[in-house]
Amino acid sequence: AKAKGRGNYQFFTPALNIAAQQRLTVSNQLRQALVRGEFVLYYQPQVSLRSGAIVGVEALMRWKRCQHGKHDLVSPTHFIPILEEIGLMAEAGKWVLREACMQAAAWQKMGLAPIRLAVNLSARQFAGDDIVRTVIEVLDESGLGPEWLELEITESLMFDDSERIIHAMHELKRLGVSLSLDDFGTGYSSLSYLRRFPVDRVKIDRSFVQDLTTNAGGADIVRSILALSQKLGLAAIAEGVETEAQLGYLRQQGCAEIQGYLFSPPFPAEEMTLLLRSDRRI
Ligand code: C2E
Ligand code: CA
Ligand code: CA
Ligand code: CA
């Protein structure tokens with residue numbers, strides 16, 4: 001009788017059931033991950049092509065998931081969409097901001113040359129919660145000077161409610177924080193956004209950098225983005241630089257900074273400390 005009473009379960013195919021079950025399991029694991037402190041930050045250097053030195057690091061989230069007594073490292077592309085979906089991204093994002101600012105402040109206290117700290121903000125994090133108050137709090141707590149913090153945002157953020165978003169961006173800039181437009185060129189109407197939104201830097205998306213040496217169109221796009229950013233007085237950084245050939249082209253076109261496996265992959269804080277101490281240059 002009991003089986004009959006739950007008969008509606010039968011409408012789900014076993015495959016769907018398993019997928020839904022897995023998602024539920026991962027959602028629960030993610031809730032626990034936040035409480036148990038299973039998230040970690042990796043840091044990837046951003047390098048000046050003029051001096052060759054590291055001028056910044058981007059903080060990138062990882063999930064050190066413990067399952068069946070084993071650890072694995074989960075990519076943010078897998079869990080960030082789920083965190084967004086279950087409404088935990090604001091909290092996780094605040095953790096990222098605090099952890100990264102504490103680390104950057106610690107590097108300065110160790111006597112390392114101060115560098116920029118780039119932190120990714122998800123659209124929802126920016127729109128929903130009071131991001132300005134969060135940033136003020138975290139800067140205060142960590143003691144990091146606002147001039148060292150850069151927030152990376154994507155164009156998708158600017159779709160709706162842009163008046164409120166633009167207002168928040170101006171408030172962040174008033175604090176002395178800088179803003180960079182991530183994955184530049186992949187969204188819609190990038191050009192008009194550049195004029196309407198108070199950003200300091202554009203990050204040329206990895207896909208264009210990859211196309212630099214494999215397809216002629218890529219080089220044209222990168223060249224126009226660099227020309228445009230110069231005209232608008234914006235700084236530019238190319239992401240996903242993997243080869244000497246890509247580097248050579250970017251240098252030749254006057255790109256100021258690069259980030260990518262060619263110089264260094266993202267590393268945990270301890271390894272990044274060693275790299276910063278080494279004063280390695282490109
Ligand atoms: P993103 O912001 O575009 O970050 C750059 C991604 O490219 C990183 O992937 C980085 O590891 C990878 N990468 C760097 N250099 C190279 C290269 O030379 N070649 C290739 N193939 N890849 C390279 P990752 O760490 O897996 O992060 C993926 C995305 O997840 C990020 O893309 C960002 O959108 C998101 N993300 C990561 N951490 C956070 C976070 O704390 N908050 C938010 N909101 N999003 C985050
Ligand atoms: Ca980014
Ligand atoms: Ca990016
Ligand atoms: Ca990208």
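Both counts, for ligands and for their atoms, begin at 1 and track the order of listing.
Put simply, the side chain of Q246 gets close to the backbone of T243: a donor and an acceptor are under 3.5 Å apart.
If you check the side chains of Q125 and K94, you find no donor sitting under 3.5 Å from an acceptor.
When heavy-atom distances to ligand 1 are checked against a 4.0 Å cut-off, L121 comes that close only through its backbone atoms N, CA, C and O. At a heavy-atom cutoff of 4.0 Å, ligand 1 is contacted by no atom of V119, backbone or side chain. Under 4.0 Å from ligand 1, heavy atoms of N120 appear from its side chain as well as its backbone. Only the backbone of V241 comes within 4.0 Å of ligand 1, counting heavy atoms alone; no side-chain atom from C-beta on gets that close.
Under a cutoff of 6.0 Å and an axis angle of 45°, R65 and W63 form a cation-pi pair.
Around the Ca ion (ligand 2), protein atoms of type N, O or S found under 3.0 Å number 4.
Ion pair R124/E84 flagged as a salt bridge, since at least one NZ, NE, NH1 or NH2 atom sits closer than 4.0 Å to an Asp/Glu carboxylate oxygen.
Atom numbering of ligand 1 starts at 1 in the shown order; those under 4.0 Å from a heavy atom of T77 are 28 (C). Listed by number with element, the atoms of ligand 1 under 4.0 angstrom from any heavy atom of E58 are 2 (O), 4 (O). Heavy-atom contacts of S122 reach the following atoms of ligand 1: 44 (N) (cutoff under 4.0 Å). Annotation for ligand 1: atoms under 4.0 Å from non-hydrogen atoms of G260 are 15 (N), 18 (O). Atoms of ligand 1 found under 4.0 Å from any heavy atom of E239, numbered from 1 in the order shown, are 3 (O). Near Q44, meaning under 4.0 Å from one of its heavy atoms, ligand 1 places the atoms 14 (C), 15 (N).
Only one option out of E257, E58, E239 pairs with R201 in a salt bridge (Lys or Arg N to Asp or Glu O under 4.0 Å); it is E257.
Taking each of E242, E84, Q259 in turn, the one with a heavy atom nearest to atom 20 (C) of ligand 1 proves to be E242. Scanning R206, Q210, M89 for the heavy atom closest to atom 12 (C) of ligand 1 points to R206. Relative to atom 16 (C) of ligand 1, the option among Y261, Y42, F39 with the closest non-hydrogen atom is Y261.
Atom CD1 of I225 and atom CG of L194 lie 9.0 Å apart (nearest 0.5 Å). In this structure, the separation between CD on E171 and CZ on R133 is 11.5 Å, given to the nearest 0.5 Å.
Within the 4.0 Å heavy-atom shell around ligand 1 one does not find G93.
Aromatic ring centres of F208 and F184 lie farther apart than the 6.0 Å criterion allows.
The N/O atoms of M61, backbone and side chain alike, include one that comes under 3.5 Å of an N/O atom in ligand 1.
The number of heavy atoms from other shown groups lying within 6.0 Å of CD (E91) does not exceed 12.
Following chains of ILVMFWY side-chain contacts shorter than 4.5 Å, one can reach I115 starting from W148, so the two form part of one hydrophobic cluster.
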